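Treat the numbers as computed from the prediction; the structure is a model and nothing was measured. All chains are named by letter (A, B, ...) in the order of the sequence lines, taking the proteins before the strands, and each is independently numbered beginning at 1.
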Amino acid sequence: MNTLNSKIPDGSIENKWTRYKSTVRLVNPSNKRRIEVLVIGSGLAGASAAASLAELGYNVKCFCFQDSPRRAHSIAAQGGINAAKNYSNDGDSVYRLFYDTVKGGDFRSREANVYRLAEVSANIIDQCVAQGVPFAREYGGLLDNRSFGGVQVSRTFYARGQTGQQLLLGAYSALSRQIAKGQVKMYNRHEMQELVIVDGKASGIITRNLVTGELERFSGHSVVLATGGYGNVFYLSTNAMGSNTTAIWKAYRKGAFFANPCYTQIHPTCIPVSGDYQSKLTLMSESLRNDGRVWVPKAQHDKRKPREIPDQERDYYLERKYPAYGNLVPRDVASRAAKQVCDEGRGVGPSGLAVYLDFRDAIQRLGRHVISERYGNLFEMYEKITGEDPYQTPMRIYPAVHYTMGGLWVDYNLMTTIPGLYALGECNFSDHGANRLGASALMQGLADGYFIIPYTIGAYLADDIRVQVTPTDHPAFQEAENSVRGRIDKLMNVKGSQPVEELHKKLGKILWEYCGMARNEQGLNKALAEIKLLKEEFWKEVKIPGGTNEFNPELDKAGRVADFIELGELMVLDALHRKESCGCHFREESQTAEGEAKRDDNTFSYVAAWEFKGDGSEPALNKEALEFEVVHLAQRSYK
Amino acid sequence: MSETINLKLKVWRQKNTSAKGRFEIYDMPGVSTHMSFLEMMDVLNDKLIRGGQEPVAFDHDCREGICGMCSMFINGRAHGPLRGTTACQLHMRHFQDGETITIEPWRANAFPVIRDLVVDRSAFDKIIQAGGFVSVNTGNAPDANSIPVEKHKAEESFDAAACIGCGACVASCKNSSAMLFLSAKVSQLALLPQGDPERKVRVLKMVQAHDEAGFGSCTNIGACEAKCPKNISIAHIARLNKEYLRASLARD
Ligand SMILES: Cc1cc2nc3c(=O)[nH]c(=O)nc-3n(C[C@H](O)[C@H](O)[C@H](O)COP(=O)(O)OP(=O)(O)OC[C@H]3O[C@@H](n4cnc5c(N)ncnc54)[C@H](O)[C@@H]3O)c2cc1C
Ligand code: SF4
Ligand code: FES
């Protein structure tokens with residue numbers, strides 16, 4: 001077994017990052033001009049990294065698969081971004097944000113990284129405001145804050161319901177400025193298809209131009225992946241349609257370890273599935289649980305209209321089970337409770353896979369205008385999609401896949417196990433443990449890109465200043481390009497009978513059923529067997545119209561789904577081996593008498609980092625032991 | 001309302017930028033009224049693929065009205081019949097049984113067709129690159145609360161910043177002007193103290209980039225505002241004109 005060195009600096013937790021910054025090796029400005037960095041992704045993490053590295057003088061090439069960097073999936077984030085500013089004067093501090101994040105992650109994250117995240121969080125807000133991000137303000141002209149799931153302070157900054165959009169447009173503007181200066185070269189509609197390794201170091205990538213189909217080679221001193229989460233492995237999720245695992249999966253196959261693949265966050269308040277044609281799920285902000293009450297009928301298969309069901313025949317199950325937190329329990333707890341009542345046959349709506357989120361009492365108490373002021377745009381969005389008016393009839397909601405805490409394993413420098421290959425944002429595993437708290441993904445993406453990678457990449461590149469980038473006619477590039485071409489040809493030549501979407505849906509069903517909100521050994525074994533069969537089916541049955549050298553979205557999707565299938569297998573293996581419950585990973589075998597998640601710290605207090613061992617071989621499990629020196633391990637309780 | 005409707009789709013098909021395009025007609029029986037417009041397109045594509053034909057290419061990603069990727073001209077209107085709604089947020093309950101729906105790409109010289117309904121909108125990126133930013137390097141920012149911003153100005157700035165860069169304004173304008181898009185960015189930054197130092201150069205450079213990209217000039221028709229899915233107001237164009245005038249005078 002490989003020993004993982006997380007390279008955590010010495011010193012007390014408060015001093016680690018400060019000391020690191022003042023002792024890390026630097027690249028002098030004239031040498032930065034000779035260095036090429038490839039940044040894959042232009043979401044919050046990628047755009048902020050590309051812009052900041054370019055400002056420092058590095059030559060950057062940045063890639064995204066959409067038609068503009070401004071469209072990365074980060075644009076869809078609604079609620080807000082956390083920062084330990086303590087503007088609300090309610091006792092917030094770097095320590096508190098750190099503590100809440102470690103606890104929220106159910107003690108499965110690395111303390112030193114989380115502390116650093118909390119430390120730089122305040123700078124993010126400063127930077128974004130300076131860029132012209134129009135955050136919400138109070139009448140005095142200062143920034144407004146709100147509170148968000150599972151914490152006791154108001155530390156969330158927001159821009160109406162479009163925080164992600166405004167933050168991304170800020171990062172995009174910084175990126176655009178560097179593009180205009182020629183310091184960043186931007187490649188839109190380019191998808192990374194392979195990583196090139198020379199002498200054990202990440203040295204370049206192969207991309208496919210999605211307009212012309214052309215394969216292109218790019219060489220760099222370092223490769224930074226910021227390609228987002230892989231929630232779409234479940235087919236249905238709140239992620240954008242194009243979100244995928246391809247870049248990190250290729251890196252995994254080339255030797256980067258994949259950490260905690262099974263940690264998936266399932267968000268409790270999404271609009272339920274309405275039919276087979278459903279292509280994605282829409283999130284309804286968590287903030288609705290502040291005023292909405294969640295219930296199902298007490299009786300099974302009660303087909304009456306919600307308003308016809310009298311109060312005494314309703315089960316406000318969250319209030320009943322968790323009197324202290326009520327409707328505001330954390331995401332994982334709320335999701336599991338919804339699944340439970342639906343499994344009991346008490347779910348509502350045509351599919352029986354939904355629960356009510358009811359504003360009747362809040363409207364009576366506060367008046368319609370107050371509710372409309374607070375949630376007007378969400379109610380409108382709900383009505384647009386469902387055609388129902390939530391002022392008149394309760395919303396129907398159901399949990400949906402939302403975020404992936406797992407990702408490439410990285411050390412304190414955000415470097416993967418491949419030298420020179422970094423992973424930032426949702427595509428790494430670093431900060432959220434087994435469950436992410438609301439409003440902290442935006443924080444992490446921007447922390448990684450603006451404030452961490454600009455320092456940590458220097459430690460690696462300082463050695464590289466005399467080395468020219470690898471010429472793109474190097475055999476390693478040739479070989480990588482050949483393998484990409486070979487795979488594309490293989491996909492095109494299957495000429496089966498099933499469209500990609502159909503196979504993707506099948507994968508999603510398997511994972512949702514057996515590796516979703518609740519998991520057990522028997523089900524996971526079944527999933528393993530089914531995914532193996534699905535893989536064979538995919539390579540016999542997939543049908544891709546059109547040609548290779550043209551704009552061909554079906555081919556793009558096919559490549560992504562082929563990778564998702566392999567990833568699905570790894571997720572199930574990971575879920576199978578982790579016999580404890582923790583955060584979003586609920587193993588039915590490991591629960592308390594009251595049916596809550598039960599951790600096993602003696603056995604499982606580690607990061608599971610999987611190592612690719614070749615097709616057809618089991619991947620190897622490597623462990624990074626998690627040590628809690630500052631925060632005391634405790635079982636979470638929300639009763 | 002009945003749960004399914006029968007439709008005919010008249011869809012623009014074009015193999016690539018240089019190819020000649022044409023309309024094709026497809027029968028779409030039994031469309032669920034709960035589907036979104038793009039899900040209806042998915043169903044069409046599924047049928048086409050199974051029947052050995054090439055699916056209709058269209059841009060999309062978030063499918064919730066925020067990324068600005070979807071871009072369809074539906075029955076002669078950018079994003080279709082509803083106000084303040086992108087194509088991906090449009091649902092089939094707004095169409096009638098037996099209807100023929102015409103679906104075209106954005107049409108503008110600055111937005112060449114890539115394939116079918118997909119166009120190249122990189123000209124928008126060029127406009128932003130010309131000056132749609134505040135020149136502040138990472139790490140140089142003062143404390144976020146050191147400069148208060150009047151609430152109503154911050155709100156107005158936000159109204160402009162809500163633009164999703166979809167291009168419906170250009171597609172709806174008979175001059176193919178991108179003034180609404182451009183003015184939204186100029187306005188957002190002009191309303192904030194952070195944008196003040198570069199106010200003059202910004203507007204001059206962005207207008208120049210707009211004209212060089214091949215967008216037409218604005219003759220105050222207002223079709224852009226009517227079809228903008230984010231209800232960006234043409235009042236921003238008025239502000240842009242003021243900013244431009246002020247900057248031009250200062251330059252001389
Ligand atoms: C509906 C929704 C609401 C959310 N709300 C919040 C919130 O309120 N607060 C919060 O903190 N978090 C929220 N999140 C989570 C948060 O938005 C994401 O975790 C975060 O934005 C991810 O950013 P990223 O930069 O890592 O990746 P992304 O924004 O996903 O960017 C990925 C980039 O990589 C590129 N890319 C991917 N693969 C390739 C490839 N193979 N080749 C080339 N380029 C590639 C893409 O083009 C894109 O540019 C929300 C998520 C969803 C789905
Ligand atoms: S101004 Fe409106 S129509 Fe034009 S790009 Fe922005 S959001 Fe789209
Ligand atoms: S697909 Fe994102 S706005 Fe329509």
Under the side-chain contact (heavy atoms from CB on, under 4.5 Å) criterion, do A/Met241 and B/Met69 qualify, and how do the steps go? CA-CA 11 Å; A/Met241 301 299 289; B/Met69 193 112 176; over 6 Å; no
So which atom in [X] and which in [Y] form the shortest heavy-atom distance, rounded to 0.1 Å?
X	Y	value
B/Val136	A/Ala130	CG1-O, 3.9 Å
B/Glu54	A/Gly546	OE2-CA, 3.3 Å
B/Pro142	A/Asp126	O-CB, 3.4 Å
A/Arg71	B/Ile164	NH1-O, 3.3 Å

Beyond-backbone contact of [X] with [Y], side-chain heavy atoms, under 4.5 angstrom:
X	Y	answer
A/Glu502	B/Arg50	yes
B/Asp143	A/Tyr87	yes
A/Arg177	B/Ser135	yes
B/Thr85	A/Lys384	yes
B/Asp125	A/Tyr172	yes
B/Thr17	A/Phe551	no

If you measure from the Lys or Arg side-chain nitrogens to the Asp or Glu carboxylate oxygens, is any gap between A/Arg160 and B/Glu155 under 4.0 Å? yes
Sidechain N-carboxylate O distance under 4.0 Å for A/Arg189, B/Asp120: no
Residue among B/Lys15, B/Gln194, B/Glu39 with most heavy-atom pairs under 4.5 Å to chain A: B/Glu39
Before giving the answer on side-chain contact (heavy atoms from CB on, under 4.5 Å), spell out for B/Asn16 and A/Glu550 the whole-Å C-alpha distance, their side-chain angles and the decisive distance to 0.1 Å. CA-CA 8 Å; B/Asn16 54 48; A/Glu550 59 183 31; over 6 Å; no
Part of A/Glu554 lying under 4.5 Å from any heavy atom of chain B: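 Just its side chain gets close to chain B.
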